Amino acid sequence: MSSSTTARTARRRTLRIAAASLVAAAGLTLTACAGSNAADAKSAGHTDSAAAESSASGWSGLQSTGAKAEVKAGVASKQSGSAHVANSGKAASTVRTQRLADGISTAEITKLGDQHYRAKIVARGSVLATLETNGHDDGLDANDMFVTLTLDGQVHSWMGGGHQGPGTFKLAGGWTAKVTKLGELKYRAQIIGHDGVAATLETNQHDVGLDANGIYIVLSSGGVISAHA
């Protein structure tokens, strides 16, 4: 065999070896990419599963929020505007559990932030309603048991004593309530003292409550108003 033939044969062997190496390297790259995609898919699957589980286990109850309470200087008010951020992102903490006036229900009171509290009304292990202060006191008419939650996290409850509006009614503490109907499940109550209108409660398909100088008032979305010292 001549030297030129030997050289051409060596070059062909070198090219075949290089091509084989490139194919092997490409195979390894494809395998690595497939493994990475599988891991990503698995991770995404866990994320979706966790989100679904969280959504399924979340509680959705009757929210006694969205009502409007305007307070004038005649009523000592602890209102200080909206409080949407709870403890700068810190986890909410349960403050206490309190038995309510019906002797069956309890209020599980949680602090969400400064002057921002939530109270879950629980009976026989089920959450029946939720009150939340968010720039104003909150209230609820729960089948003739009236409950208020104030901006400092205090819960007050009492049975009965409701007046069906529209109309003008005498309340505890010397207050007078003038209740007018504005629309379907929408009522307004002017709380009147010696110096005129001191506060206004207004429902908009949600009950509302107020601490009026230690007199606790609830106006329901059905126009029932009740007060208790």
Side-chain angles (χ1 to χ4, degrees), residues 51-71 77-162 184-189 199 201-212 215-228:
E53 182 179 352
S54 175
S55 175
S57 63
W59 174 83
S60 177
L62 301 173
Q63 299 294 324
S64 179
T65 58
K68 174 181 164 186
E70 296 177 352
V71 183
S77 172
K78 295 180 285 297
Q79 299 179 13
S80 62
S82 299
H84 296 288
V85 180
N87 286 336
S88 300
K90 294 180 181 178
S93 57
T94 300
V95 176
R96 67 187 185 281
T97 298
Q98 178 178 328
R99 186 167 293 279
L100 301 180
D102 63 358
I104 300 171
S105 307
T106 59
E108 295 180 357
I109 305 155
T110 303
K111 184 172 183 178
L112 304 177
D114 292 338
Q115 296 189 328
H116 191 176
Y117 287 82
R118 177 182 296 144
K120 292 182 179 180
I121 309 304
V122 180
R124 298 183 177 92
S126 298
V127 177
L128 305 180
T130 300
L131 299 173
E132 186 171 329
T133 65
N134 196 354
H136 55 76
D137 302 325
D138 202 2
L140 175 69
D141 176 4
N143 297 326
D144 209 34
M145 178 180 72
F146 299 91
V147 186
T148 60
L149 174 65
T150 63
L151 283 173
D152 59 358
Q154 300 301 310
V155 168
H156 300 268
S157 64
W158 65 95
M159 300 296 298
E184 187 67 23
L185 298 178
K186 189 171 183 180
Y187 285 80
R188 177 182 295 147
L201 299 175
E202 188 172 310
T203 69
N204 190 2
Q205 300 185 355
H206 297 280
D207 303 343
V208 64
L210 176 69
D211 174 3
I215 303 299
Y216 305 98
I217 304 172
V218 170
L219 176 65
S220 78
S221 60
V224 176
I225 192 165
S226 182
H228 192 265

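Being a predicted model, the structure only gives us computed values, none of them experimental.
Looking only at side-chain heavy atoms (C-beta outward), Ile217 and Leu201 come within less than 4.5 Å of each other. His228 is not listed as a side-chain neighbour of Ile215, based on a closest heavy-atom distance of 4.5 Å or more. Thr97 places none of its side-chain heavy atoms less than 4.5 Å from the side chain of Ile109. Side chains of Asp137 and Leu151 form a contact here, defined as non-hydrogen atoms less than 4.5 Å apart.
His136 contributes atom NE2, which lies 11.0 Å from atom CG of Leu210 (distance to the nearest 0.5 angstrom). For the atom pair NE2 (His206) and CD (Glu202), the distance works out to 13.0 Å, reported to the nearest 0.5 Å. Summarising the geometry, atom CD1 belonging to Ile225 is positioned 11.5 Å from atom CG belonging to Asp141; distances are rounded to the nearest 0.5 Å. Rounded to the nearest 0.5 angstrom, His116 NE2 and Thr133 OG1 are separated by 5.5 Å. Atoms CG and OG, from Asp144 and Ser226 in turn, are 7.5 Å apart once rounded to the nearest 0.5 Å. The distance from atom CD of Gln154 to atom CD of Gln98, rounded to the nearest 0.5 Å, is 7.5 Å.
The nearest pair of heavy atoms linking Phe146 to Gly160 is CE1-O, 3.4 Å. Of all the heavy atoms in Ala129 and Leu140, the pair that sits closest is CB-CD2, 3.6 Å. The minimum heavy-atom distance linking Ser221 with Asp207 is given by the pair N-OD1, 2.8 Å. Of all heavy-atom pairs spanning Gly222 and Tyr187, the tightest one is C-CE1, 3.5 Å. Counting all heavy atoms, side chain and backbone alike, Thr203 lies closest to Ser220 at CG2-O, 3.5 Å. Nearest heavy atoms, Leu131 versus Val147: CD1-CG1, 3.7 Å.
Scanning for ring pair (Phe, Tyr, Trp, His ring centres under 6.0 Å) contacts around Tyr216 gives His156, with sequence neighbours left out. Here Asp102 pairs with Leu100, Ile104, Ser105, Met145, Met159 under the side-chain contact (heavy atoms from CB on, under 4.5 Å) rule; sequence neighbours left out. Remark: Thr148 engages no residue in a side-chain hydrogen bond (donor to acceptor under 3.5 Å, both in side chains) (not counting sequence neighbours).
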Self-check item: Audit row: Glu108, Lys120, salt bridge (charged side-chain N to carboxylate O under 4.0 Å, His left out) steps and yes/no
Solution: CA-CA 5 Å; Glu108 295 180 357; Lys120 292 182 179 180; 5.8 Å; no
Self-check item: Steps toward side-chain contact (heavy atoms from CB on, under 4.5 Å) verdict (Tyr117, Thr110)
Solution: CA-CA 6 Å; Tyr117 287 82; Thr110 303; over 6 Å; no
